[in-house]
Amino acid sequence: MSNQQVKSLYLKFMKGECTPAEIELLIELLQSVDDVEGLPSLEEVEQTLPQQESLADASSDRIFNAVLFQNSLVTDVERTKKRQTNWLIAAAIISLLILANFVFYLSKPSKIIYQTDFAKKEKYQLPDGTKLLLNANTTIEINETFLTDKEREVWISGEAYFDVAKNKNKPFVVHTNTGMDVYVLGTTFNLKARSTETHLVLNRGSVKVFPEAQQDKAQLLVPGEIAHFHAEEARVVKSVTDTMYFSAWQYNLQSFKNEQLRNVAASMQDIYGYRIDFTEETLKNMHFTGALPTNDINKAIKTLAAALDCTINKENDKIIISTKRLIN
């Protein structure tokens, strides 16, 4: 990392804008620092602090030099000790960063976690009465302060069906791991937030769907509509859909309509946890229409192999899809 990047990261920390990951990175950089050339000047640090009555420039410089060089003149002899002094400065900053990181984590509310394993689905009820049905390989988190927070916030990775308890005084907000947020008062909907696809299907009520922290781009959905989130463009697109098609997983089925095999494989990987390999790239472009069981990997493999007239083998933690070979 360049000196300028280190300086920018340090100033960001002084403003209190660093994420936990950035704080850890800054600690790591400072632990390996040989000098403080990459750190900002006193003036740059002062600009990040709240406006107060400041000392005259000369006084500020004297105090700063006194802190750094123990109130003595910067002589040639002292410059030979620069490396040791710089190490002490870096060590002091590291201590501050570690303390800040520790305080940050202490101040974060503890989480309550609801999750499902591969090929399993589970029902849960949140403290406010909201009912959840989690699809396989799904995690939902809420704060322990869920009921006392200003908003009922939920974080999801995976897929779940929500039946949200009404509370006009406390909006229900869902944050997906893919960058889409959902704002509701009381409704039922199916939300999928996986690496391959993010969408919401509304069954009852109304919701606002928008890119993370961009409510000005919100789309209002009515029952029977689906909102697709395009993460690359931070854009939500809605259209009319068949809600039952997207609810099939609740009955242990995953439905597909003329879907490329690459996408079918990605869905199976999310549900069952197996890595899926193709022996030939052309196989990925085959199309499949039908339904596969979400609770029985062997039946899913047999169904798909019969429909596409291909060979599918399960080997340890892998599923291998290949073309049928004629035996002479």
Can you find a pair of side-chain heavy atoms, one from I320 and one from I312, that are under 4.5 Å apart? no
Does one side chain, of K121 or N252, offer a donor that lies under 3.5 Å from an acceptor on the other? yes
Which residues pass the ring pair (Phe, Tyr, Trp, His ring centres under 6.0 Å) test with H175, sequence neighbours left out? W155
Looking at N316, I'd like to know if its CG atom is crowded, meaning that more than 12 non-hydrogen atoms belonging to other residues, nucleotides or ligands lie closer than 6.0 Å. no
Is it the case that more than 12 heavy atoms not belonging to E233 sit under 6.0 Å from its CD atom? yes
Side-chain donor/acceptor of T178 to backbone N/O of T176, under 3.5 Å: no
If I compare all heavy atoms of T303 with all of A291, which pair ends up nearest, and what's the gap? CG2-O, 4.0 Å
Considering only heavy atoms from C-beta outward, does the side chain of N190 approach that of L200 to under 4.5 Å? no
Interatomic distance, N295 atom CG to Y251 atom OH [nearest 0.5 angstrom]: 14.5 Å
Expected output: side-chain S110 to main-chain E144 donor-acceptor under 3.5 Å: no
Give a yes or no answer on whether the side chain of D149 reaches the backbone of R152 with a donor-acceptor pair at less than 3.5 Å. no
Ring geometry between F189 and F162 (parallel below 30°, tilted from 30 to 60°, perpendicular above 60°): parallel
Flag, side chain of T188 to backbone of D163, donor-acceptor distance under 3.5 Å: no
Check whether T138 reaches the backbone of E159 with its side chain - one donor and one acceptor, N or O, closer than 3.5 Å. yes
Least distance between heavy atoms, L308 atom then M286 atom: O-CE, 3.5 Å
Between Y245 (side chain) and S255 (backbone), is there a donor-acceptor pair under 3.5 Å? yes
Could you give the distance from CD (E141) to OG (S157), rounded to the nearest 0.5 Å? 9.0 Å
Will you find, in the side chains of N313 and K318, an N or O donor that is under 3.5 Å from an N or O acceptor? no
Is it the case that the side chain of T148 and the backbone of T145 share a donor-acceptor pair, with hydrogens and angles ignored and the cut-off at 3.5 Å? yes
Indicate, with yes or no, if the rings of Y114 and Y124 have centres closer together than 6.0 Å. yes
L304, F278: one ILVMFWY side-chain cluster at the under-4.5 Å cut-off? yes
Should the heavy atoms of other residues, nucleotides or ligands under 6.0 Å from NZ of K170 be counted, would the total exceed 12? yes
So, for Y183 and E151, which heavy atoms are closest and what is the spacing to 0.1 Å? CE1-OE2, 4.2 Å
Contact check, side chains of N137 and I271, non-hydrogen atoms, under 4.5 Å: no
Value rounded to 0.5 Å, distance of OG1 in T323 from CD in E280: 4.0 Å
Atom pair NE2 (H230) and CE (M180), whose distance is rounded to the nearest 0.5 Å: 11.0 Å
Run T196 and D270 through side-chain contact (heavy atoms from CB on, under 4.5 Å) and show every step you take. CA-CA 9 Å; T196 53; D270 282 334; 3.8 Å; yes
Side-chain donor/acceptor of T116 to backbone N/O of N135, under 3.5 Å: yes
Closest approach of D242 and F246, non-hydrogen atoms and distance? O-CD1, 3.5 Å
Are the side chains of T139 and I156 in contact, using a 4.5 Å heavy-atom criterion? no
Let me check something: any side-chain donor-acceptor pairs from residues 207-214 under 3.5 Å, sequence neighbours excluded? List them with distances.
residue	atom	partner	partner atom	Å
Q214	OE1	K217	NZ	2.9

For a quick test of reading the model, state the closest non-hydrogen atom pair linking V222 to L202 and the distance between them. C-CD2, 3.3 Å
Please walk me through it: do Q250 and L133 pass side-chain contact (heavy atoms from CB on, under 4.5 Å)? CA-CA 8 Å; Q250 298 176 41; L133 177 60; 3.6 Å; yes
Out of curiosity, does V154 fall in the hydrophobic cluster containing V201 (side-chain heavy atoms, cut-off under 4.5 Å, transitive links)? no
Tell me, with the steps shown, if R262 and N285 meet side chain to side chain donor-acceptor pair (under 3.5 Å). CA-CA 7 Å; R262 70 175 75 238; N285 298 321; 2.7 Å; yes
We want to know whether T241 and E225 form a side-chain donor-acceptor pair, criterion being a heavy-atom distance below 3.5 angstrom. no
Would you say L126 and L132 make side-chain contact, with heavy atoms under 4.5 Å? yes
CA sep, side-chain torsions, deciding dist, call: M268, I276, side-chain contact (heavy atoms from CB on, under 4.5 Å): CA-CA 8 Å; M268 290 178 67; I276 300 182; 3.7 Å; yes
Tell me whether R194 is salt-bridged to E197, with the criterion being a basic N under 4.0 Å from an acidic carboxylate O. no
Are I226 and F229 co-members of a hydrophobic cluster defined by side-chain heavy atoms under 4.5 Å apart? no
Does K111 reach the side chain of N143, with side-chain heavy atoms less than 4.5 Å apart? yes
Given the rule in the side-chain contact (heavy atoms from CB on, under 4.5 Å) test, do L147 and D128 qualify, once you have shown the distances and angles that lead to the verdict? CA-CA 7 Å; L147 289 178; D128 68 334; 3.9 Å; yes
With the side chain counted from C-beta on, respond yes when K299 and K302 share a heavy-atom pair under 4.5 Å apart, and no when they do not. no
If we ignore angles and hydrogens, is there a donor and acceptor under 3.5 Å between the side chains of T279 and S322? no
So do N258 and F288 actually touch side chain to side chain, heavy atoms under 4.5 Å? no
What is the distance from atom OG of S206 to atom CG of L221, rounded to the nearest 0.5 Å? 9.0 Å
Which heavy-atom pair separates A136 from A119 by the least distance, and what is that distance? CB-N, 3.4 Å
Could you tell me whether a side-chain N or O of S267 sits under 3.5 Å from a main-chain N or O of N263, the two making a donor and an acceptor? no
Report the distance from atom OG1 of T198 to atom CG of N177, rounding to the nearest 0.5 Å. 7.0 Å
